[in-house]
2 protein chains.
Amino acid sequence: MPPLTNGQGALSPRAIPEAAVARLAVYLRVLSGMKEQGITTVSSEELSVAAGVNSAKLRKDLSYIGTYGTRGVGYEVEVLIDQIERVLGLTREQSVAVVGIGNLGHALANYGGFPGRGFPVTALFDVDPDLMGVPVGGIPVNHIDDIASVCAAKEITIGVIATPPAAAQVVCDRLVQAGVECILNFAPVVLQVPETVEVRKVDLAVELQILSFHQARRADSAPSGETAPQPRSNGRVNGSPRHSVENRPNGAVVRR
Amino acid sequence: MPPLTNGQGALSPRAIPEAAVARLAVYLRVLSGMKEQGITTVSSEELSVAAGVNSAKLRKDLSYIGTYGTRGVGYEVEVLIDQIERVLGLTREQSVAVVGIGNLGHALANYGGFPGRGFPVTALFDVDPDLMGVPVGGIPVNHIDDIASVCAAKEITIGVIATPPAAAQVVCDRLVQAGVECILNFAPVVLQVPETVEVRKVDLAVELQILSFHQARRADSAPSGETAPQPRSNGRVNGSPRHSVENRPNGAVVRR
DNA sequence: GCGACTTTGTGCCTGCGTTCACAAGCGGCT
DNA sequence: AGCCGCTTGTGAACGCAGGCACAAAGTCGC
């Protein structure tokens, strides 16, 4: 591979693949759990099992952020935590605003400290006048018309859209105008944003439909009893007792 | 590539890539919206713009489910809807159970009819005795110990885990024992399941951390004013009025 | 102090997913 | 009836991500 001219300029950190970033977040959580248990050192094998990935992949992911392992020993849990937090930008806290205080908005507002802290929800918005002032999860609800001033005052960097679909694009536009460049969208809508803005979406219906697809597949390939709730012999037929775990496309783990 | 021996047997439908399945769900939603607007025919270009993807990718995705387009014309909206629903297994309704009736559980229980229907939440579970019997979103809450019998009676095919992290694995095991083979996990935990079970996870913290990562990146590459809330000239400087839209890794769309 | 063992970091290969580009096919216009 | 233009469907190229396997490097025991 030639010296990696990643377009970005020259001194850009390293260009970490998106997929690796997502996994780093998972590693971070697992590591936090280990730290609480008093574990100070971990090998790539152990960590990979706990995170449900291949150990080679894990090592490659970690190599993107630097060289912090000790050969023959493993990684120091705290060092890894610090470094991943650094790369993910968790050193400076990001303030989160939630727009749309329905059921989901409530849930998000009460989420409070996330595991491993770092994302305080500090502003809530809605259009319903009845909600104004009433604090939800300790945070007062503001009217969406005040979004610009409130976001500026509270230095909001992440906006969460939890509105009905019809309102999502308008809300998104307002967030962008207020200077928010990171948006997490729960509304089942394809948002249009300027290219400076980063959007991630969480789409419940899509997730369920994907599950439905696999369910249908299963039903097709084994057309016998359908929902017949067999007592589940469940096998646990342990053929090869080597690695008790195997990777899954989605990061879940197969228990054998 | 040899004639594609996909292990699955022989008569398996086609082997649709996972990524394509996720997009099909999005197309379905967009198409439903179009149908409501009275649109009967759509070209791959139009649909791809609405769905925020490349038109070639859209056509390839659709080609996985069959050949339903008319060259020189486009696709018939209704036909496409029917076919995508068929492939995603939405013809037979899937009953959903939600476990963990906290804030998120409430939100999910009230989600009710999803856009394009198909996923009725018909059972709720929790450990808290105070919740028993009290209906949430019209559905009574059952104790988690009754999970097997209730799931069997209501023919639950999809289980949603909305519990605290510590309880997630136990709940998952119980769902699996009850015969549920599709699980949507909101708890920040890597679940272990038998290989017959399909798990998808929605991880709020990970999503936020990915956004944080990009935010950090941005701040690094442009180290001037930081959160300085510039009034945002925001341009909307529409230089080239050709395609007003461009693809984004995440399915969001860039407005120019 | 040295050797053997353990574990990291990574080069290379393989496979999947995305994109391009074009031939095939269909409708409408003349 | 024949031609023209539009749109689909897909073969082929490309690039990225995943996984294997091994050399490098460090520790522990003797």
Side-chain angles (χ1 to χ4, degrees), chain A residues 1-8 14-24 26-27 40-49 51-77 79-80 83 210 242-243 245-251 253-254, chain B residues 1-7 14-24 26-27 40-49 51-77 79-80 83 243 246-251:
Chain A
M1 191 188 289
L4 179 59
T5 55
N6 65 356
Q8 188 70 279
R14 186 73 64 130
I16 306 175
E18 183 86 4
V21 174
R23 285 189 299 266
L24 283 172
V26 175
Y27 305 154
T40 58
T41 298
V42 67
S43 73
S44 65
E45 183 64 30
E46 294 167 321
L47 184 52
S48 70
V49 169
V53 301
N54 180 298
S55 72
K57 195 193 294 184
L58 179 131
R59 288 198 298 275
K60 186 158 285 188
D61 288 343
L62 291 182
S63 78
Y64 290 126
I65 67 173
T67 299
Y68 301 106
T70 305
R71 297 173 188 231
V73 179
Y75 302 89
E76 221 173 310
V77 173
V79 172
L80 233 40
Q83 293 305 323
I210 293 171
R242 311 204 52 227
H243 291 160
V245 148
E246 176 184 299
N247 319 65
R248 229 36 190 320
N250 189 37
V253 160
V254 176
Chain B
M1 193 188 290
L4 179 59
T5 54
N6 67 354
R14 188 73 64 125
I16 305 176
E18 183 85 6
V21 174
R23 285 190 298 266
L24 283 171
V26 175
Y27 305 155
T40 58
T41 300
V42 67
S43 72
S44 64
E45 182 63 30
E46 294 166 321
L47 184 51
S48 70
V49 169
V53 302
N54 179 298
S55 72
K57 194 193 293 186
L58 179 131
R59 288 197 299 275
K60 182 149 284 188
D61 287 344
L62 292 182
S63 77
Y64 290 125
I65 68 173
T67 301
Y68 302 105
T70 305
R71 296 171 189 234
V73 179
Y75 302 89
E76 221 172 309
V77 173
V79 173
L80 234 40
Q83 293 304 324
H243 291 161
E246 176 183 301
N247 317 63
R248 228 38 187 322
N250 189 35

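In what follows, chains carry the letters A, B, and so on, assigned in the order in which the sequence lines appear, proteins first and then strands, with residues in each chain numbered from 1. Remember, it's a predicted structure, so these values are computed and weren't measured experimentally.
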Over all atoms of both residues, closest heavy-atom pair of [X] and [Y]:
X: S44(B); Y: S55(B); value: O-CB, 4.1 Å
X: V53(B); Y: Y27(B); value: CG2-OH, 3.7 Å
X: L24(A); Y: D61(A); value: CD2-O, 4.3 Å

What string of B, S and - do you get for nucleotides 24-30 of chain C 5' to 3' if you count protein non-hydrogen atoms under 4.0 Å?
BBBS---
So, the side chain of S43(A) versus the backbone of E46(A): is there a donor-acceptor pair under 3.5 Å, distance only?
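Checking the backbone N and O of E46(A) against the side chain of S43(A), a donor-acceptor pair under 3.5 Å is found.
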Nearest whole angstrom, please: distance from the [atom2] of [N] to the [atom1] of [X].
X: L80(A); N: dG9(C); atom1: CG; atom2: P; value: 9 Å
X: D61(A); N: dT8(C); atom1: CG; atom2: P; value: 14 Å
X: Y68(B); N: dT10(D); atom1: OH; atom2: P; value: 12 Å
X: E76(A); N: dT8(C); atom1: CD; atom2: C1'; value: 15 Å
X: Q83(A); N: dT8(C); atom1: CD; atom2: P; value: 17 Å
X: N54(B); N: dG9(D); atom1: CG; atom2: P; value: 15 Å
X: L58(A); N: dG19(D); atom1: CG; atom2: C1'; value: 13 Å
X: I65(A); N: dT10(C); atom1: CD1; atom2: P; value: 13 Å

[atom1]/[X] to [atom2]/[Y] distance, rounded to the nearest 0.5 angstrom?
X: L47(B); Y: R59(B); atom1: CG; atom2: CZ; value: 11.0 Å
X: L62(B); Y: Q83(B); atom1: CG; atom2: CD; value: 10.5 Å
X: I16(A); Y: R23(A); atom1: CD1; atom2: CZ; value: 11.5 Å

Report yes if a side-chain nitrogen or oxygen of [X] is closer than 4.0 Å to either non-bridging phosphate oxygen (OP1 or OP2) of [N]; otherwise report no.
X: K60(A); N: dT10(C); answer: no
X: S44(A); N: dT7(C); answer: no
X: Y64(B); N: dT10(D); answer: no

State which of dT19(C), dA17(D), dG19(D) makes the closest approach to the side chain of K57(A).
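Selected nucleotide: dG19(D).
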Map A19(A) and R59(A) onto DNA chain D by nearest heavy atom, then report which one ends up closer to the 5' terminus.
A19(A)
